Amino acid sequence: MSPQTSGAAETREFQAETRQLLDLMIHSIYSNPDTFLREVISNSSDALDKLRLAALQDSSLGVDTSDLHIELIPDAATRTLTIRDNGIGMSRDEVVDLIGTLARSGTGQMREALSAARAAQESGEISEQATADLIGQFGIGFYSTFMVADTVTLVTRKAGEDVGTRWTSSGEDTYTIEEAPDAPQGTSVILHLKPAGGDAALPDYAEEHTLRRVVRTYSDFIAWPIRMDVERPAPSPEPGDGDADTTGDADPSEAGGTVTETETLNSQKALWTRPRSEVTDEEYAEFYRHVSHAWDEPLETITLKAEGTFEYQALLFLPTQVPFDLFSPDTKRGVQLYVRRVFIMDDCEELVPPFLRFVKGIVDAQDLSLNVSREILQQDRQIRAIRKRLVKRVLQTIEQIRTDRPEEFRSFWANFGAVLKEGLISDVDSREQLLAVSTFASTRPVSEKAPESASEGDETSTGNDDEVGTTIAEYISRMADGQEEIYYLTGTSRAAVENSPHLEAFRARGVEVLILTDPVDEVWVDAVGEVDGKRLRSVAKGDVDLSGIGSEGEEKKDEPDAAEFADLLTWLGQELSDEVKQVRLSHRLTESAACMVGDEFDMTPQLEAMYRASGMELPTSKRILELNPGHPLVERLRAQHAEDPSAPGLGDTARLLSGAAVLAEGGTLADPAAFAKLLVDRI
């Protein structure tokens, strides 16, 4: 469509994604309609913050910031509600970009989630409230107004510009945009309200008490005044004043009429400046929802005040639920930055490292310049000092939760443990604290775990108990006699790791092994290297010899003479040369016939798969096939090869043995169809 000419109105179509989102919004989600007012007021508050900052940075802007405020104007007669601010406003291009489109990451994911939620709601699988909570989860903001309005008009003029813009839509396929020459500076959102009640049970947002309730519940902490004109009965005249009759039971409003008063609906108290004893949990929870655009309850609230060289206050929150974009490369992280209660920026990444990207909140610094930029922040000594203190305090809080509230910690670690472990790679200074709070599954029998973890007679408690974890410090305190290394095994799932043949000798000797199943585990173990002088060692790499470690558990069997297997190992190495680089006898197998292992510094199959999935080209690497000399299958194969090295079927048996070893560790066969045919033919 061609650009609009000056003064002309133009009708545009919404983007396809926006139309689909609006349809889902308008026809599916009515459980929490109050959301719209919170979102619009939050937008207005941001606009006031930005105007104040712009005026401080650019004195030539020529704007009056002496009375910045938000105003609610309900009109019961016309069924309209106007939310107006005198903030920064928007240009025409900004209106088209921010209001007319939804070209933002996560939109497609949101549509899918809303569609799934609607289907589940219709089938009775989830509640309407759960569907409505998706509004906050995905932060749709302005579009929530269509839950309560048939038509929405936005009138705005950006500070420093002479002409404003009017945007109007009924939430269908199109919107209209035109110039608004007389628009005041700031933004007005005019809602033509839907009827109250009805099937959606909508509150009447043209009524004073409804607006008071919503503002008090959701926006009481907003730093700017939220005002509304209200009518009150005029005071009755004093006896003797004029000719008014004040006797009898006359209605005061009839006797004295009414007067209009402007009231401020919110307290305007910045929570981070108030003593914690004066703030309720409900106030903290609502502030958390405001800064995080989430709808869960915060797991923990962290307050911090520093005085001295660097003065600042911080109010941080640990979430209960996982944000939908926690692992998205486009996720926004960081906390809000204020300077002397002046808003500076959202998502200040310099204050929070990536491994704490789930932490939300604000930092209010006293000594930073108001003209600070992200480039300046990256070099600022104060910011680095604040960041270091915030990281330390957050990790101390997590450690306290682990110690004092183990049930809540287990849920928290299940949600955010993989993210925290990223810090073991990137933040050497915080590594010791991170290791103190990091918990891992292990092969330790339930009978040896804490009593509260596995009660006596509980037949459901097994070594697979996902509720129990161990720190590395706890692991070291339980190391077996003669053990000098911290053993671990990585894999795609706990079940796959626990059933791995690599663990057989360790289990037989009672040697505990850490079970690591997060993708990040493949990387941090190499980055950390050792803990308290104890080397981290994969049980799937190198030649493991547990002689002198732990207990055998039963009388040790005589080991077969390695020389008897020399010819078989040489032949297998040649026969399987395309698949393995070496065939040798194993010290780690007690039950299985064979397993695949890597050299000391080889990548694991899981790490190779991760790199290839990210688009990295890697050369094909071969692994080592280890045989259990005491297994009947291996013994028969040795005997058959000794009797007739050219006997038919020996090569097929070798490939079956190798393929079974790959599958046992959760690997992928190069030619699954050929292996399946070979297996069926041999049965």
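Along the sequence shown, residues are numbered consecutively beginning with 1. All figures in this text were calculated on a predicted structure; none of them were measured in a lab.
At least one side-chain heavy atom of Y205 sits under 4.5 Å from a side-chain heavy atom of V148. The shortest side-chain heavy-atom distance between V394 and V359 falls under the 4.5 Å cut-off. Inter-residue side-chain proximity for S169 and V152 is flagged as unmet; no heavy-atom pair is nearer than 4.5 Å. Side chains of E297 and R289 form a contact here, defined as non-hydrogen atoms less than 4.5 Å apart. Between I302 and R393, some side-chain heavy-atom pair lies under the 4.5 Å cut-off. Taking the side chain as every heavy atom from C-beta outward, L390 and L356 never approach each other to under 4.5 Å. Side chains of L211 and M228 form a contact here, defined as non-hydrogen atoms less than 4.5 Å apart. Counting heavy atoms from C-beta outward, V391 and F355 have side chains that approach closer than 4.5 Å.
Note: F36 and F142 fail the aromatic proximity criterion, with ring centroids not under 6.0 Å apart.
Between R38 and E286 there is a salt bridge, since at least one side-chain N of the basic residue sits less than 4.0 Å from a carboxylate O of the acidic one. With salt bridges taken as basic N to acidic carboxylate O contacts below 4.0 Å, one links R232 and E208. By the 4.0 Å N-to-carboxylate-O rule, K50 lies too far from D346 to be salt-bridged with it. Salt bridge status for D34 with R213: present, with a side-chain N to carboxylate O gap under 4.0 Å. Looking at R410 and E408, no side-chain N of the basic residue comes within less than 4.0 Å of a carboxylate O on the acidic one, giving no salt bridge. The residues E349 and K332 are annotated as not salt-bridged, no charged nitrogen and carboxylate oxygen being separated by less than 4.0 angstrom. Of the charged side-chain nitrogens involved, at least one lies within less than 4.0 Å of a carboxylate oxygen, so that K158 and E94 count as a salt-bridged pair. For E399 and R402, the salt-bridge test passes: some basic side-chain N is under 4.0 Å from an acidic carboxylate O.
Here the CD-CG distance, from E179 to D162, works out to 11.0 Å after rounding to the nearest 0.5 Å. Interatomic distance, CD1 of I398 versus OG1 of T403, reported as 12.0 Å (0.5 Å rounding). Atom OG of S45 is separated from atom NE2 of H69 by 13.5 Å, given to the nearest 0.5 angstrom. Note that OG1 of T80 and CG of D75 are 4.5 Å apart. Values are rounded to the nearest 0.5 Å. Taking CZ from R357 and CG from L420, the interatomic distance works out to 9.5 Å, rounded to the nearest 0.5 Å. Between the CD1 atom of I383 and the CZ atom of F310 there is a distance of 10.0 Å, given to the nearest 0.5 Å.
Between the side chain of T280 and the backbone N or O of E283, at least one donor-acceptor pair lies under 3.5 Å. With R333 contributing its side chain and V352 its backbone, the two residues share a donor-acceptor pair below 3.5 Å. A distance-only check finds no donor-acceptor pair linking the side chain of S44 to the backbone of D85 [under 3.5 Å]. Between the R157 side chain and the E161 main chain, a donor and an acceptor come within less than 3.5 Å of each other. T210 places a side-chain N or O within donor-acceptor distance of the main-chain N or O of D204, the cut-off being under 3.5 Å. At distances below 3.5 Å, not a single donor-acceptor pair connects side-chain atoms of D325 with backbone N or O atoms of S328. Between the side chain of T82 and the main chain of I190, no donor-acceptor pair closer than 3.5 Å is present.
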Take S42 and H290, measure what side-chain contact (heavy atoms from CB on, under 4.5 Å) needs, and give me the verdict at the end. CA-CA 8 Å; S42 293; H290 170 66; 3.1 Å; yes

Show the numbers, then the answer: is there a side chain to side chain donor-acceptor pair (under 3.5 Å) between S267 and D220? CA-CA 6 Å; S267 68; D220 190 58; 2.9 Å; yes

Go through the steps for I41 and V215 under the test side-chain contact (heavy atoms from CB on, under 4.5 Å), then give the verdict. CA-CA 9 Å; I41 288 177; V215 170; 4.1 Å; yes

Show your reasoning for whether salt bridge (Lys or Arg N to Asp or Glu O under 4.0 Å) applies to R227 and E263. CA-CA 5 Å; R227 299 172 181 167; E263 293 190 10; over 6 Å; no

Kindly indicate, with the supporting measurements, whether the criterion side-chain contact (heavy atoms from CB on, under 4.5 Å) is fulfilled by L318 and F358. CA-CA 7 Å; L318 300 181; F358 53 85; 4.1 Å; yes

Intermediate values then yes/no, side-chain contact (heavy atoms from CB on, under 4.5 Å), T273 and Q313: CA-CA 8 Å; T273 65; Q313 293 173 297; 3.9 Å; yes

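Y288 and D296 share a side-chain donor-acceptor pair at under 3.5 Å. Side-chain atoms of S66 and D64 form a donor-acceptor pair, as typed in the model, at a separation below 3.5 Å. Between the side chains of W224 and N266, no donor-acceptor pair of N or O atoms lies under 3.5 Å. In this structure, a donor-acceptor pair under 3.5 Å is present between the side chains of D229 and T262.
The two residues P203 and P33 have their closest heavy-atom pair at CD-CG, 3.9 Å. Closest non-hydrogen pair, V155 versus A180, comes out as CG1-CB, 4.3 Å. Considering all non-hydrogen atoms of both residues, N86 and L51 come closest at O-CD2, 3.2 Å. Taking both residues in full, the closest heavy atoms of A55 and V63 are given as CB-CG2, 3.9 Å, listed atom of the first, atom of the second, then distance. Between A159 and L61, the shortest heavy-atom contact is O-CD1, 4.0 Å. The nearest pair of heavy atoms linking F327 to A418 is CZ-CB, 4.3 Å.
Partner Y175 forms a ring-ring contact (aromatic ring centres under 6.0 Å, His included) with one of Y143, W167, F146 and no other, that one being W167.
Between F287 and F317, the two ring planes are tilted [angle within 30° to 60°].
Remark: R405 fails to qualify as a cation-pi partner of W413 under the 6.0 Å distance and 45° angle criteria applied to the six-membered ring.
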